[in-house]
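Just so it is clear, the values below take in all heavy atoms, side chains as well, and ignore hydrogens, waters and symmetry mates.
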Amino acid sequence: MFLATALPIGFNNISIKRTLPTECVSIFTPFDRLNTLHSGGFFYSLHADTRQAIVLNHDRLKAGNGFILGSSGSGKGMTMKPLVLNILFNTDDDVILVDPENENKRFVEALGGQSIELSHVSKDYINPFDIPLEDEDFQSGTHPTTLKLDLILSIIEAMIGTEVNPAIISTVDGVLTEIYKAFQSSRDPKDLPTFKEFYEVMTQEETIVAKELSEVLKIYVTGSWSNFSNQTNVDIESRLMCYNTSKLGEHLKAVGSFLMFDAIWNRIAKNRNSNKNT
């Protein structure tokens with residue numbers, strides 16, 4: 001009876017009914033397992049069922065994304081560090097870390113990388129007005145104002161705590177056009193403007209909008225939060241970079257995040273144009 005039921009003839013001679021079809025059973029007890037021993041890969045773990053090694057080369061995967069999930073203190077950071085070492089020593093890829101808990105500074109510096117602390121007391125500076133000379137759009141003739149307008153508006157929006165209106169947008173556009181004139185002509189990184197030049201030109205404007213913006217920007221240029229108004233003084237070309245955001249307070253978190261993600265995007269775009277992975 002059991003044998004007849006198992007045959008592919010469509011007769012069920014057993015009165016017992018099961019609600020778990022074969023395809024569902026196969027999820028828990030797979031009949032076949034793909035080989036996960038990629039050449040040049042990184043050893044992640046052992047398979048829970050077969051105890052075979054799981055060695056993955058992300059360059060051979062359709063999508064090389066991944067997550068390390070776990071509760072606090074379960075070892076996510078320690079799992080990540082050997083993976084970073086494998087990338088640095090066995091590939092030409094660049095590595096960028098975002099460190100909200102200040103866990104990786106010593107690790108990065110021991111490997112000769114660049115650790116950047118983003119805070120109001122930090123001595124590490126990144127200029128939000130930076131434009132890489134290798135930028136594809138800049139090389140094609142796009143004006144620096146066009147490349148930076150959206151970022152600067154987003155930063156100003158975070159500074160003033162409200163959505164920018166058309167009058168502010170037009171004012172910022174005009175100021176950017178003025179302060180990028182020297183860099184547009186020379187293409188010398190030394191001529192890149194900062195928020196100090198932006199503030200100086202803004203204070204010369206006679207409109208009510210410009211005067212109000214000048215009052216808001218003052219603390220970010222000459223006051224206690226002036227760290228984002230300096231020329232870049234860190235190695236943003238380092239192969240291993242770490243952005244430490246652990247000391248960013250609530251008022252500066254948005255500004256610092258915009259600045260950090262713009263710097264990261266510039267690096268990724270540059271690497272992409274050079275056929276380099278990040």
Side-chain angles (χ1 to χ4, degrees), residues 34 36-126 128 158 227-228 232-272 276-278:
L34 295 177
T36 53
L37 294 174
H38 293 167
S39 60
F42 175 74
F43 171 77
Y44 279 90
S45 181
L46 297 177
H47 195 284
D49 293 332
T50 65
R51 309 307 295 170
Q52 292 179 340
I54 300 176
V55 180
L56 295 179
N57 186 338
H58 287 260
D59 292 337
R60 294 181 53 183
L61 300 176
K62 185 176 182 181
N65 306 316
F67 293 91
I68 301 175
L69 305 176
S71 59
S72 298
S74 61
K76 299 186 296 297
M78 294 303 297
T79 302
M80 176 273 298
K81 288 178 173 63
L83 177 58
V84 171
L85 291 173
N86 178 71
I87 294 172
L88 292 175
F89 294 154
N90 296 322
T91 73
D92 294 326
D93 302 346
D94 289 346
V95 178
I96 300 176
L97 305 177
V98 178
D99 187 7
E101 299 294 338
N102 193 20
E103 296 177 319
N104 299 304
K105 181 178 180 179
R106 294 176 60 188
F107 170 70
V108 170
E109 292 179 348
L111 293 171
Q114 175 69 69
S115 178
I116 301 173
E117 180 184 316
L118 297 176
S119 74
H120 66 289
V121 295
S122 173
K123 300 302 181 182
D124 299 332
Y125 304 137
I126 297 180
N227 286 59
F228 303 127
T232 300
N233 68 344
V234 293
D235 180 15
I236 58 175
E237 300 298 326
S238 175
R239 190 178 168 212
L240 172 61
M241 297 192 63
C242 177
Y243 292 91
N244 179 0
T245 62
S246 61
K247 294 183 180 180
L248 271 179
E250 287 299 321
H251 289 92
L252 291 178
K253 187 169 293 184
V255 177
S257 296
F258 280 124
L259 180 65
M260 175 183 67
F261 288 125
D262 179 69
I264 292 175
W265 173 248
N266 287 337
R267 181 61 175 276
I268 292 175
K270 176 184 176 182
N271 285 353
R272 183 186 63 233
K276 191 173 187 180
N277 292 328
T278 310

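- Using a 4.5 Å heavy-atom threshold, the side chains of F42 and P82 count as touching.
- Residues N102 and S246 share a closest heavy-atom pair of CB-OG, 3.5 Å.
- A donor-acceptor contact shorter than 3.5 Å is absent between the side chain of K76 and the backbone of I68.
- Under the 4.5 Å side-chain criterion, counting only non-hydrogen atoms from C-beta, R267 is not in contact with I236.
- Residues H251 and V255 fail the side-chain proximity criterion, which asks for heavy atoms closer than 4.5 Å.
- Without hydrogens or angle criteria, D99 side chain to E103 main chain gives a donor-acceptor distance under 3.5 Å.
- Contact record, W265 with R272: CH2-NH1, 3.6 Å, taken as the closest heavy-atom pair.
- With rounding to the nearest 0.5 Å, the separation of CD1 in I116 from CG in N233 is 9.0 Å.
- Between M260 and I126, every side-chain heavy-atom pair lies at or beyond the 4.5 Å cut-off.
- Judged by distance alone, with hydrogens and angles left aside, the side-chain atoms of Q114 form a donor-acceptor pair with the main-chain N or O of D235 at under 3.5 Å.
- A 4.5 Å side-chain heavy-atom check between F89 and L111 finds at least one atom pair inside the cut-off.
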Evaluation steps, salt bridge (charged side-chain N to carboxylate O under 4.0 Å, His left out), between E237 and K270: CA-CA 10 Å; E237 300 298 326; K270 176 184 176 182; 2.5 Å; yes
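- Note that CG of L37 and CG of N57 are 12.0 Å apart. Values are rounded to the nearest 0.5 Å.
- The two residues S238 and G113 make their nearest non-hydrogen contact at OG-CA, 3.7 Å.
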Can K253 and T245 be said to form a side-chain contact (heavy atoms from CB on, under 4.5 Å), step by step? CA-CA 8 Å; K253 187 169 293 184; T245 62; over 6 Å; no
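- Atom CG of L240 is separated from atom CG of D94 by 9.0 Å, given to the nearest 0.5 angstrom.
- At least one donor-acceptor pair closer than 3.5 Å links the side chain of S119 to the backbone N or O of S122.
- Across every non-hydrogen atom of G256 and F228, the tightest pair is CA-CZ, 4.2 Å.
- Closest heavy-atom contact between I87 and R239: O-NH2, 3.4 Å.
- Between the side chain of K247 and the main chain of H120, no donor-acceptor pair closer than 3.5 Å is present.
- With a 4.5 Å cut-off on side-chain heavy atoms, V234 and Y125 do not count as touching.
- Not one N or O on the side chain of N271 forms a donor-acceptor pair closer than 3.5 Å with the backbone of K276.
- In this structure, the separation between CE on M241 and OG1 on T278 is 11.5 Å, given to the nearest 0.5 Å.
- Two residues are said to be in side-chain contact when any heavy atoms from C-beta on lie closer than 4.5 Å; L61 and H38 meet this criterion.
- One distance of note links CG of L259 with CG of N227; it measures 10.5 Å at 0.5 Å rounding.
- Looking at D59 and N277, their side chains come closer than 4.5 Å, going by heavy atoms from C-beta outward.
- In this structure, CG in L83 is found 4.5 Å from OH in Y44, a value given to the nearest 0.5 Å.
- Of all heavy-atom pairs spanning S115 and D124, the tightest one is O-OD2, 3.7 Å.
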